[in-house]
**Student:** 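Let me begin by handing over the structure; questions about it come next.
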Amino acid sequence: MDRYDPQTIEAKWQRIWEESRAFEVPNPEPGAPRNERKNYVLEMLPYPSGRLHIGHVLVYTLGDVLAHFYRRSGSEVLRPMGYDSFGLPAENAAIKAGEHPRDIVERNIEAIRRTMKRLGWAIDWSREFSTHDPEYYRWTQWLFLKLFEAGHAYRKAALVNWCPNDQTVLANEQVKDGRCERCGFEVEARKLDQWFFRTTAYADHLLDEMKELDWPERVLAMQRNWIGRSEGAEILFRVDELDLDIPVFTTRADTLFGATFFVLAPEHPLVDRLAERSPNGDEIRAYVRKVGARPVEQRAAGTDKTGVFTGFFATNPVDDAKMPIWIADYVLMDYGTGAIMAVPAHDERDGEFAKRFDLPIKLVIDEDGKLVESAQFSGMSHEEAVRAIVEWLGSRGRGRTAVSYRLRDWGFSRQRYWGCPIPIVYCDECGIVSVPEEDLPVLLPEIEDYKPKGIPPLAQAEDWVRVACPRCGKEGSREVETMDTFVDSSWYFLRYCDPLNDRAPYDREIADYWMPVDHYTGGVDHATVHMIYARYFVKALNDLDLLGHREPFQRFFGNGWVTQGGAKISKRVGGAATPDELVETYGADPTRLSILFIGPADQDMEWTPSGVEGIQRFLRRLWRVVVEVAELPRGSAPGAGALARKTHQTIARVSDDLGRRQQFNTPIAAVMELVNELVKAPDDPAAPFAAETAVSLIQPYAPHIAEELWERLGHERLWLQPWPEADPTMLEEDTFQLVVQVNGKVRDRLEVPADLPEDELVARAKASPKVQAHLNGGEIRQTIVVPRKLVNLVIG
RNA sequence: GCCGAAGUGGCGGAACUGGUAGACGCGCCGGACUCAAAAUCCGGUGGGGGAAACCUCGUGUGGGUUCGAGUCCCACCUUCGGCACCA
């Protein structure tokens, strides 16, 4: 008998799958009815700034298991793959290596593809693309133009992180403790005109439409936090000297009588006017200039509060008290209205500020949470008072209920080279002009030096920048900023539906057929940014009538982190085993099984080689026993013995775990149990059935060995075989172990026929000598019978 | 501070709707095969007591509901994750 040799059989079956294009799936014919059996299985696409690591093996194997399971269960499965190949990490790696980012990225893609094929993942390779392909980003640009023309994309001045030493804009991730990650210089804030998508316009849609999603609660909670909807009121405060009203957002209208001063954000539009008319205008201007140079992220909590008095007063609408107006950087311009009423007694930050500048503190809520010193509202609870005060203000035209969000508009300009060019021309006459559709793609130009230095690198490509205005024909200049890579990944799942389309990003009918993604898998670290943006994109496209769906990802599975030696694996950690090394050492099937066997895939896990060794033992056992069974003469029907029942039970368990429970470790244990039983009884009439079933059930996890053994059992193309179905009548044993409890404690276990009536169960329970000993002749007050489980005798 | 998830043997983890706690695997112990080793196979393996039958304790802590709680309820502790000068 030959031994299990993973390398040989894996190469064999990978060649067969490739030659037969086993996992390609055709698109529907035009006009085809919607297929209820379609199933779009997708995992987040890899970022090719490096090679694959064990974390990828987990995600893509998990997707693979589902794809095989759903396909064999009768679904038409779409499972594509691509590469998120634009972006900063690739560009930084390129700068470091002195190479072109394209060369680095394409070399990595080659290596990643090879690794993916060695792991035997069942991917439809005919749909593969990279986001840096002009044929892809052409359509990224096209979609941008649609959004721009519909008013979803706009330009406004916004602060960026600026490193004065490197003369460049830094992404937030490149700023550590207020300093440039590379050179250590203190980061400054600079105001730049930049591109934004109006994600805030979708805040309520993003929130409300989450209800339809089949996502883990923790991920939904993350998105809710990120959107940060809070309900409160907008209240107008009068400034008599300036003859104007300043609106304020508050969730604590009940504390209005405790407001003792008023604060504006340094960027508030009224600040200039106040400075102009104020005796200490110079001081105000100096303060605003000073704090304005600090990035908003650096105005951190915990540091001493700073501020400046303007000399003006606002009037409290409830009691006409005069409140001094201050300017302080603890108030943020981009939340609420950029102005607050300060209630030092009941707000920690206002309290700190009041102590620092010796401002009055007025208590308006007592220990019982009731209002005091609040005129006719005194004695009310928090909820009552909020409602009553806002109503009172409303009747005088001084306030109304309002909602505020933490979510910001998505700033997607990047002052970098390696990204999708923004198809816009600036013209002195016409302003901001779209590049006409027929001129797409706007190709990323080749430039000498793409290192960042003060101006965006694309500005160096002068011939490229100078271009005739598409509208008036006079000389204009191209947009030199590029798009955030999250734009690329906000619609890639649509392109997979129709990746070769050269007339549109996708055919609407085809996208509507495959979408939404039925099963999305990826790291929870992308649960907010990427998955909020993708949801926003799909909703916006839906509103533009470019798509028939409003959500991209119906079901989401957030996989855990894989650690090795305690370190989180994101890049290649020294000493960590790579997927290629694992495949060479153990084989693809053992690697795939062991990563999913460690534990629940949605929790963090530690990868250790000892796990693979256990899996290898299991696969060798499987191999031996199946080959042994295959060589025996084919006997009679499986019958209804213990092994046949165990086999049906295993089918039911594995199917339920994969389909309903989304549990990926326990099916492996279930098949191991079955194989253990089979090893004990290879001569059982049900042995061939058990062997075939074990092979069939393990196929999604270990497709190579499964295919090889399937062939040896005299069949072919297991990957096309229907998923096994359990016979419900075979799931129950004809006897069961009756648990007998006395006062809830297990005292005996009796093997009894399954069809025994209840009174007989009780009779047998009482007859047990062990039970007798514990009954002690006492009177039985209550008898509980759980059919097919237990009898509990309660004595006094 | 607000929101969310999780605490079970030496280890990773099972136990789905309240009903035999510890499936499966790792490790460890003992045995078989072997000149020996590897591989493989068989048996054992939560703590305490007992020669044994068996008894007893046991799922982060303290209460509660229930005939019965790892599972439900209340309070607390710890760990991890998200948000956070967000008014």
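Keep in mind the model is a prediction, meaning the values are calculated, not measured. Residue numbers begin at 1 in each chain, while the letters A, B, ... track the order of the sequences.
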**Student:** Does OP1 or OP2 of B:rA15 have a side-chain N or O of A:Gln663 closer than 4.0 Å?
**Tutor:**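 Checking B:rA15 against A:Gln663, a side-chain N or O does come within under 4.0 Å of OP1 or OP2.
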**Student:** Give one of base, sugar-phosphate or nothing for A:Arg749, where a contact means two heavy atoms less than 4.0 Å apart.
**Tutor:**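 The residue A:Arg749 makes base contact.
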**Student:** Taking the side chain of A:Asn792 as its heavy atoms from C-beta onward, which of B:rA21, B:rA23, B:rC67 lies nearest to it?
**Tutor:**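 Per side-chain heavy atoms of A:Asn792, the pick is B:rC67.
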**Student:** When the distance from CH2 of A:Trp561 to P of B:rA6 is rounded to whole Å, what number comes out?
**Tutor:**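 Value for this atom pair: 20 Å.
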**Student:** Report the distance from atom CZ of A:Phe736 to atom P of B:rG19, rounded to the nearest whole Å.
**Tutor:**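 In whole Å, B:rG19 P lies 16 Å from A:Phe736 CZ.
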**Student:** Restricting to non-hydrogen atoms, name the atom on A:Gly523 and the atom on A:Asn559 that form the minimum distance, rounded to 0.1 Å.
**Tutor:**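 A:Gly523 and A:Asn559 have their closest heavy atoms at N-OD1, 3.2 Å.
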**Student:** Does B:rG9 adopt a syn or an anti glycosidic conformation, taking syn as a chi angle within 90° of 0?
**Tutor:**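 Syn.
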**Student:** Give one of base, sugar-phosphate or nothing for A:Glu348, where a contact means two heavy atoms less than 4.0 Å apart.
**Tutor:**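 Result for A:Glu348 = nothing.
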**Student:** Tell me the interatomic distance from A:Arg218, atom CZ, to B:rC2, atom P, rounded to whole angstroms.
**Tutor:**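 Going from CZ in A:Arg218 over to P in B:rC2 covers 22 Å.
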**Student:** Name the closest nucleotide to the A:Phe597 side chain, picking from B:rG13, B:rG12, B:rC85.
**Tutor:**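 Closest nucleotide to the A:Phe597 side chain: B:rG12.
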**Student:** Checking all strands, does A:Asn665 fall into the base, sugar-phosphate, or nothing category for heavy-atom contacts under 4.0 angstrom?
**Tutor:**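 Result for A:Asn665 = sugar-phosphate.
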**Student:** Which nucleotide, in any strand shown, forms a Watson-Crick or G-U wobble pair with B:rC54, with both distances under 3.5 Å?
**Tutor:**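 With both distances under 3.5 Å, B:rC54 matches B:rG49.
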**Student:** Does A:Arg224 come within less than 4.0 Å of A:Glu217, counting only side-chain N to carboxylate O?
**Tutor:**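 Yes, charged N to carboxylate O under 4.0 Å.
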**Student:** Measure CE/A:Met222 against P/B:rG81 and give the value in whole Å, please.
**Tutor:**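 In whole Å, B:rG81 P lies 11 Å from A:Met222 CE.
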**Student:** Inspect the contact between A:Arg229 and A:Glu231 and indicate whether a charged nitrogen and a carboxylate oxygen are less than 4.0 angstrom apart.
**Tutor:**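 Here A:Glu231 pairs with A:Arg229 in a salt bridge, since their nearest N and O are under 4.0 Å apart.
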**Student:** At 4.0 Å (heavy atoms only), tell me whether A:His346 reaches a base, stays on the sugar-phosphate, or touches nothing.
**Tutor:**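 Result for A:His346 = nothing.
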**Student:** Report yes if the side chains of A:Asp684 and A:Glu677 come closer than 4.5 Å at any heavy-atom pair, otherwise no.
**Tutor:**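 No, their side chains stay 4.5 Å or more apart.
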**Student:** Examine the base of B:rG12 for any acceptor or donor lying under 3.5 Å from a partner atom in the side chain of A:Glu606, and report the outcome as yes or no.
**Tutor:**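 Flag unset: no donor-acceptor pair detected.
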**Student:** Partner lookup for B:rU66, please. Criteria are Watson-Crick or G-U wobble with both distances under 3.5 angstrom; report none if nothing qualifies.
**Tutor:**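 Checking every strand shown, B:rU66 finds no partner, since no pair has both distances under 3.5 Å.
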**Student:** Counting the atoms with a prime plus P, OP1 and OP2 as sugar-phosphate, which does A:Gly228 contact under 4.0 Å by heavy atoms, base, sugar-phosphate, or nothing?
**Tutor:**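 Nothing: the residue A:Gly228, judged by heavy atoms under 4.0 Å, touches no strand.
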**Student:** Determine the Euclidean distance between corresponding C1' atoms of B:rA53 and B:rA5; express it in Å to zero decimal places.
**Tutor:**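 About 46 Å, rounded to a whole number of Å.
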**Student:** Short question: side chain of A:Asp350, backbone of A:Val343 - any donor-acceptor pair under 3.5 Å?
**Tutor:**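 Pair found, side chain donor or acceptor close to backbone of A:Val343.
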**Student:** Taking any heavy-atom pair under 4.0 Å as a contact, classify A:Arg617: base, sugar-phosphate, or nothing.
**Tutor:**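 It contacts sugar-phosphate atoms only.
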**Student:** Base, sugar-phosphate, or nothing: which does A:Ser230 touch, judged by heavy atoms less than 4.0 Å apart?
**Tutor:**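 The residue A:Ser230 makes sugar-phosphate contact but no base contact.
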**Student:** Within the structure shown, what part of the strands sits under 4.0 Å from A:Pro216 by heavy-atom distance: base, sugar-phosphate, or nothing?
**Tutor:**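 Counting heavy atoms under 4.0 Å across all strands, no contact is made by A:Pro216.
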**Student:** Counting just side-chain N and O atoms, does A:Arg653 come under 4.0 Å of either OP1 or OP2 of B:rC24?
**Tutor:**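 No, A:Arg653 has no side-chain N/O under 4.0 Å of OP1/OP2 on B:rC24.
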**Student:** Give one of base, sugar-phosphate or nothing for A:Arg620, where a contact means two heavy atoms less than 4.0 Å apart.
**Tutor:**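 Here A:Arg620 touches the backbone only, sparing every base.
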**Student:** I'd like to know if A:Lys770 reaches the base of B:rC54 with its side chain, counting only an N/O donor and acceptor under 3.5 Å.
**Tutor:**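 Result: no qualifying N/O pair found.
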**Student:** Can you identify which nucleotide, out of B:rA84, B:rG19, B:rA15, has its nearest atom closest to the A:Arg406 side chain?
**Tutor:**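 Closest nucleotide among those given: B:rA84.
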**Student:** What's the closest nucleotide to the A:Phe249 side chain, out of B:rC83, B:rA87, B:rC26?
**Tutor:**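 For A:Phe249, the side-chain atoms sit closest to B:rA87.
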**Student:** B:rU20, B:rC16, B:rC57: which one has an atom nearest the side-chain heavy atoms of A:Val746?
**Tutor:**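 The nucleotide sitting nearest to the side chain is B:rU20.
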**Student:** Taking atom P in both B:rG7 and B:rG13, compute the distance separating them and give it to the nearest angstrom.
**Tutor:**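 Pairwise P distance, B:rG7 against B:rG13, rounds to 10 Å.
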**Student:** Measuring to OP1 and OP2 of B:rG43, would you say a side-chain N or O of A:Lys680 lies under 4.0 angstrom away?
**Tutor:**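 False: A:Lys680 side-chain N/O out of range (4.0 Å or more) of B:rG43 OP1/OP2.
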**Student:** Does NZ or CZ of A:Arg356 fall inside the cone over A:Trp326's six-membered ring, less than 6.0 Å from its centre and within 45° of the axis?
**Tutor:**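 Ring-cation test returns no.
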**Student:** Under 4.0 Å, heavy atoms only, any strand: does A:Glu613 hit a base, just the sugar-phosphate, or nothing?
**Tutor:**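 No contact.
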**Student:** Partner of B:rG1 by Watson-Crick or G-U wobble geometry, both contacts under 3.5 Å, or none?
**Tutor:**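 Base-paired to B:rC83.
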**Student:** Decide yes or no for A:Leu213 and A:Gln223: does some side-chain heavy atom of the first lie under 4.5 Å from some side-chain heavy atom of the second?
**Tutor:**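 Result no, sub-4.5 Å side-chain heavy-atom pair not found.
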**Student:** What is the pairing partner of B:rC41, taking Watson-Crick or G-U wobble pairs with both distances under 3.5 Å in any strand?
**Tutor:**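 Pair assignment: B:rC41 / B:rG31.
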**Student:** Specify the closest pair of heavy atoms between A:Ile327 and A:Tyr287, including all atoms of both residues, with the distance to one decimal.
**Tutor:**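 Where A:Ile327 meets A:Tyr287 most closely, the heavy atoms are O-CE2, 3.7 Å.
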**Student:** Provide the Watson-Crick or G-U wobble partner of B:rG12, both distances under 3.5 Å; none if there is no partner.
**Tutor:**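 Result: B:rC24.
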**Student:** Measure the distance from CD on A:Glu677 to C1' on B:rC42 and round it to the nearest whole Å.
**Tutor:**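 For the pair A:Glu677 CD and B:rC42 C1', the rounded distance is 15 Å.
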**Student:** Distance check, P atoms only: B:rA75 and B:rC2, in whole angstrom units.
**Tutor:**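 Nearest-Å result for B:rA75 against B:rC2 at atom P: 13 Å.
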**Student:** Between B:rU20, B:rA15, B:rG4, which one does the side chain of A:Val739 approach most closely?
**Tutor:**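 Looking only at heavy atoms from C-beta outward on A:Val739, the closest nucleotide is B:rU20.
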**Student:** Determine the contact category for A:Asn676: base if any of its heavy atoms lies under 4.0 Å from a base atom, sugar-phosphate if only primed atoms, P, OP1 or OP2 are that close, otherwise nothing.
**Tutor:**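 Sugar-phosphate: the residue A:Asn676, judged by heavy atoms under 4.0 Å, touches backbone atoms but no base.
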**Student:** Quantified in whole Å, what is the C1' atom distance between nucleotide B:rC16 and nucleotide B:rG62?
**Tutor:**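 Pairwise C1' distance, B:rC16 against B:rG62, rounds to 29 Å.
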**Student:** Ignoring hydrogens and angles, does a donor from either the side chain of A:Asn225 or the base of B:rC83 sit under 3.5 Å from an acceptor on the other?
**Tutor:**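 No, no donor-acceptor pair under 3.5 Å.
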**Student:** Choose from B:rC42, B:rC55, B:rG27 the nucleotide whose nearest atom is closest to any side-chain atom of A:Arg747.
**Tutor:**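 Of B:rC42, B:rC55, B:rG27, B:rC55 is nearest to the side chain of A:Arg747.
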**Student:** With both distances under 3.5 angstrom, what nucleotide forms a Watson-Crick or G-U wobble pair with B:rA36?
**Tutor:**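 Its partner is none (no Watson-Crick or G-U wobble pair with both distances under 3.5 Å).
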**Student:** Just name whichever nucleotide pairs with B:rU78, Watson-Crick or G-U, keeping both distances under 3.5 Å, else none.
**Tutor:**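 Looking at the geometry, B:rU78 pairs with B:rA6.
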**Student:** The side chain of A:Thr666 lies closest to which of these nucleotides: B:rA87, B:rA14, B:rC26?
**Tutor:**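 Among the listed nucleotides, the one closest to the side chain of A:Thr666 is B:rA14.
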**Student:** Take the protein atom CG of A:Asp254 and the nucleotide atom C1' of B:rA87, then report the distance between them rounded to whole Å.
**Tutor:**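 A:Asp254 atom CG is separated from B:rA87 atom C1' by 13 Å.
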**Student:** Ignoring the backbone of A:Thr251, work out which of B:rG13, B:rA87, B:rC16 is nearest its side chain.
**Tutor:**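 Shortest atom-to-atom distance from the side chain points to B:rA87.
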**Student:** Nearest whole angstrom, please: distance from the P of B:rG18 to the CD of A:Gln741.
**Tutor:**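 After rounding, the reported distance stands at 16 Å.
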**Student:** Distance between the C1' atoms of B:rA69 and B:rG82, in whole angstroms?
**Tutor:**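 Approximately 32 Å lies between the C1' atom of B:rA69 and that of B:rG82.
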**Student:** Counting C-beta onward and ignoring hydrogens, is there a side-chain heavy-atom pair between A:Val762 and A:Lys766 closer than 4.5 Å?
**Tutor:**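 Touching, per the 4.5 Å side-chain cut-off.
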**Student:** When the P atoms of B:rA21 and B:rC57 are considered, how many whole Å apart are they?
**Tutor:**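 My reading of the P atoms in B:rA21 and B:rC57 gives 13 Å.
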**Student:** With distance as the sole criterion, do the side chain of A:Arg660 and the base of B:rC16 form a donor-acceptor contact below 3.5 Å?
**Tutor:**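 A donor-acceptor contact between them is present.
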**Student:** What heavy-atom pair brings A:Ile365 and A:Asp254 nearest, and what distance separates the two atoms?
**Tutor:**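 The answer is CD1-OD2, 3.6 Å.
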**Student:** Quick check for you: among B:rA14, B:rC41, B:rC26, whose closest atom lies nearest to any side-chain atom of A:Arg624?
**Tutor:**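 The closest nucleotide is B:rC41.
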**Student:** How far, in whole Å, is B:rG43 from B:rC33 if one measures between their C1' atoms?
**Tutor:**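 Each nucleotide's C1' atom is 15 Å from the other's.
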**Student:** When the distance from CG of A:Leu619 to C1' of B:rG25 is rounded to whole Å, what number comes out?
**Tutor:**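 It is 13 Å, rounded to the nearest whole Å.
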**Student:** Please give the distance between the C1' atoms of B:rC77 and B:rG63 as a whole number of Å.
**Tutor:**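 Rounded to whole Å, the distance is 15 Å.
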